[in-house]
Visitor: 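Below are the structure tokens for one structure; questions will follow.
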Amino acid sequence: MKLPRTRRIRTRSEFARVRNQGQSISGRFLVMGYLADDAMDEPFKLGLITTKKIGNAVVRNRVRRRLRAILQREGHRVRPGHWMVLIARHNAGDATSTQLEKEWKWMLRKSGLHLETKSSEEAAAA
RNA sequence: GGAAUCGGCUGGUAGACGAUCGUCGGCUGGGUGGUGAUAGCCCAAGCUGGAGGAAAGUCCGGACACCGAAAGGCAGCAUGCCUGUCGAAAGACAGGGCAGCUCUGUGUAAUGCCGAGCUGACGGACAGUGUCGCAGAAAAUAUACCGCCCGCCUUCGUCAAGACUUCGGCGGACAAGCCCGAAUCCGCUAACCGUAGCAUAGGAGGGCUUGCCCGCCGUAGCCUUGGCGAAGGAGGGUAAGGGUGAAAUGGCGAGGUAAGAGCUCACCGCUCCGAUGGUAACUGAGGAGGCAAGAUAAACCCCUUGCGGUGCAAGACAGAACAGAACCAAACGGGUUGCCUGCCCGGCUGGGAGCUUCGGCUUCUGAUAUGGUUCGGGUAUUAGUCGCACCCUGCCUGCGGGUGGGGAAUCAACCUUUUUUACAGAGGGUGGUUAGACAAAUGAUCGUCCACUCCGUCCCUCGGGGCAGAGUGAACAGAAUCCGGCUUACGAGGUCGGUUCCACAG
RNA sequence: GACCCGUUCGUCUAGCGGUCUAGGACUCCGCCCUUUCACGGCGGCAACACGGGUUCGAGUCCCGUACGGGUCG
């Protein structure tokens with residue numbers, strides 16, 4: 001799944017809307033906020049937040065790239081029509097890609113955004 | 001010579017290959033864009049580019065932009081040995097000078113001298129102001145204090161001389177008392193004198209005692225004078241000494257002096273002038289001065305030189321709405337509708353004075369709904385477009401751009417040349433490229449190989465090896481207007497130096 | 001991003017280059033007071049962010065580093 005600029009959350013008001021009206025789940029490395037929106041024409045919109053608490057610019061960039069790659073690969077599992085904000089916690093810089101991916105999938109199931117599509121299972125079976 | 005470790009300089013080379021999926025920019029294509037063309041928008045695919053030496057810190061300097069002009073001055077800030085080179089500046093480099101520290105050698109009573117290494121924010125402390133705690137006599141002015149010396153005064157001690165006094169001794173004189181009688185004199189008697197006698201009554205005389213005086217000697221006291229010493233006082237001469245401090249007004253020796261002192265002299269040091277050498281910083285032959293001069297300017301300050309301020313969130317363009325200014329229109333305006341009627345909504349005015357038949361009318365004053373045009377300011381803007389992506393330039397243009405030429409840097413392959421092959425260097429030349437985001441791109445996954453770390457397990461000679469798994473791809477670290485420096489961070493390697501250990505040789 | 005400011009006991013803060021061994025308040029600890037607690041009294045522990053430099057002497061002055069905070073459309 002591609003992540004061009006139209007599928008990103010970019011304005012302060014959109015981040016504030018997810019924060020104020022949405023729900024959130026916190027994990028070991030991540031915090032995920034989400035909000036359903038029927039009017040959305042995209043499958044979902046993603047926002048990433050990496051604060052200075054995580055580390056210097058190198059570490060922050062690495063965390064963002066890993067999270068973006070996970071969403072590119074696994075974004076088709078997300079139920080369409082949702083705002084989604086991922087906030088990296090202070091220890092996310094020490095986490096590996098697989099750890100981040102496991103935690104994100106766990107969050108997806110717990111939040112109910114996981115989409116059980118037949119096509120993916122059939123593809124896995126095939 | 002080797003090893004370890006520390007520091008300086010240099011150095012910035014990427015895990016390799018393949019596959020899949022992505023991200024930002026550019027080019028090409030199609031559609032749209034009323035149309036030939038451009039910009040813009042949409043679509044899918046291909047090609048292609050995409051982090052660093054520090055991109056960091058934001059410590060300097062500049063470009064560029066705006067502020068009113070950016071010329072002068074004050075304030076403020078920065079700068080600081082000399083010469084040269086590079087540079088727009090900041091700054092860097094090279095050489096030199098001076099100073100400090102360390103070491104080796106050498107020398108002195110001492111300061112030193114030669115050499116080597118390291119370090120230096122290295123203009124000015126006779127332009128002025130300030131500060132120098134504690135300790136110390138004294139901390140910046142030259143002397144107060146202690147001390148030393150000189151003479152004077154007072155007191156004391158001692159010695160000498162002198163005067164006086166007390167006492168003692170001796171001697172003498174005098175007075176009183178007593179005693180003495182050979183009788184020397186007076187005296188008395190013999191009439192007087194001579195002479196004789198008397199007499200110790202009186203005087204002289206002698207003796208003794210006492211008193212007093214004088215002299216001498218001794219002793220003690222006191223006074224005066226002088227010497228010496230001590231204490232004190234006021235005065236003068238001194239700067240040798242005062243052991244404290246980070247720092248004390250030249251050092252050492254000799255002479256000299258009341259004591260001392262560059263007071264004088266030799267040597268050393270210092271200050272001033274200064275030959276010579278050097279572009280200069282500087283050097284300092286020689287001479288003069290008897291010696292004035294502390295530190296601090298990363299205290300204020302003075303001098304030299306430089307700087308207008310703000311910073312790309314600079315700024316430019318586009319630009320609603322609300323409010324503002326000017327002008328215009330009509331008393332009606334807006335909505336509904338293709339238009340009209342109709343319907344709906346809002347408005348058709350406030351205040352004062354006067355008159356009134358109470359319906360209104362006249363007059364004064366103030367304000368304005370609504371619509372339109374223009375103006376400047378300028379906000380909102382998913383902060384929209386530009387600024388903003390190598391440089392210069394010609395032509396066309398509908399001014400948005402299009403197209404062409406030249407140059408620079410770099411990459412890949414190629415050619416020539418240097419070199420011992422290779423690597424590498426130099427030159428040529430073909431082709432490509434020139435990071436430009438804005439919640440912010442340059443990545444993710446998988447496979448094979450390599451290196452390292454960790455965990456597990458197996459083997460043996462207990463130090464390694466094998467197998468499997470995970471992680472990392474050396475570290476520091478991610479462009480944000482651009483450029484030049486500085487500082488800081490950092491791994492392997494190279495090089496230089498120090499320290500330690502080992503081995504060998506002398 | 002560009003540009004400014006600050007850092008002193010556990011906390012909030014004073015602090016002329018010199019008796020700073022850095023003062024005060026709250027906290028903490030010990031003792032006293034009280035039947036006990038509290039209040040109160042007495043005493044004590046406890047700090048100049050780090051590294052260099054200037055100076056006889058640095059918390060203070062200068063330079064660098066680290067950390068924290070602020071302003072600007």
Visitor: Would you kindly give the CG-to-C1' distance between A/Leu71 and B/U445, to the nearest whole Å?
Guide: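 A/Leu71 atom CG is separated from B/U445 atom C1' by 15 Å.
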
Visitor: Using the purine O4'-C1'-N9-C4 or pyrimidine O4'-C1'-N1-C2 torsion, is B/A71 syn (within 90° of 0) or anti?
Guide: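 Anti, since the glycosidic angle lies more than 90° from 0.
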
Visitor: Now, which nucleotide makes the Watson-Crick or G-U wobble pair with B/A230, with each of the two distances under 3.5 Å?
Guide: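 Base partner found: B/U155.
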
Visitor: Using atom CZ of A/Arg68 as one end and atom C1' of B/A441 as the other, report the distance to the nearest whole Å.
Guide: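 Interatomic distance, CZ of A/Arg68 to C1' of B/A441: 8 Å.
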
Visitor: Can you identify which nucleotide, out of B/A441, B/G443, B/A444, has its nearest atom closest to the A/Arg64 side chain?
Guide: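 Closest nucleotide to the A/Arg64 side chain: B/A441.
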
Visitor: I want to verify the glycosidic state of B/G400; is it syn or anti under the 90° rule?
Guide: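 Glycosidic conformation of B/G400: syn.
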
Visitor: For A/Ile70 and A/Arg66, find the nucleotide of RNA chain B closest to each by heavy atoms; which residue's nucleotide sits nearer the 5' end?
Guide: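 The residue mapped nearer the 5' terminus is A/Ile70.
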
Visitor: Taking only the P atom of each, what is the distance from B/G402 to B/G26 in whole angstrom?
Guide: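 So the two P atoms sit 12 Å from each other.
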
Visitor: Is any side-chain heavy atom of A/Leu35 closer than 4.5 Å to one of A/Gln23?
Guide: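 Answer no - side chains too far apart.
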
Visitor: Is there a Watson-Crick or G-U wobble partner for B/C504 with both distances under 3.5 Å, and which nucleotide is it?
Guide: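 Pairing partner, where one exists within any strand: none, as none qualifies.
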
Visitor: A/Ile49 side chain: which of B/U472, B/A439, B/A441 is closest?
Guide: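 Closest nucleotide among those given: B/A439.
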
Visitor: How would you label the glycosidic angle of B/G352: syn (within 90° of 0) or anti?
Guide: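 Anti, since the glycosidic angle lies more than 90° from 0.
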
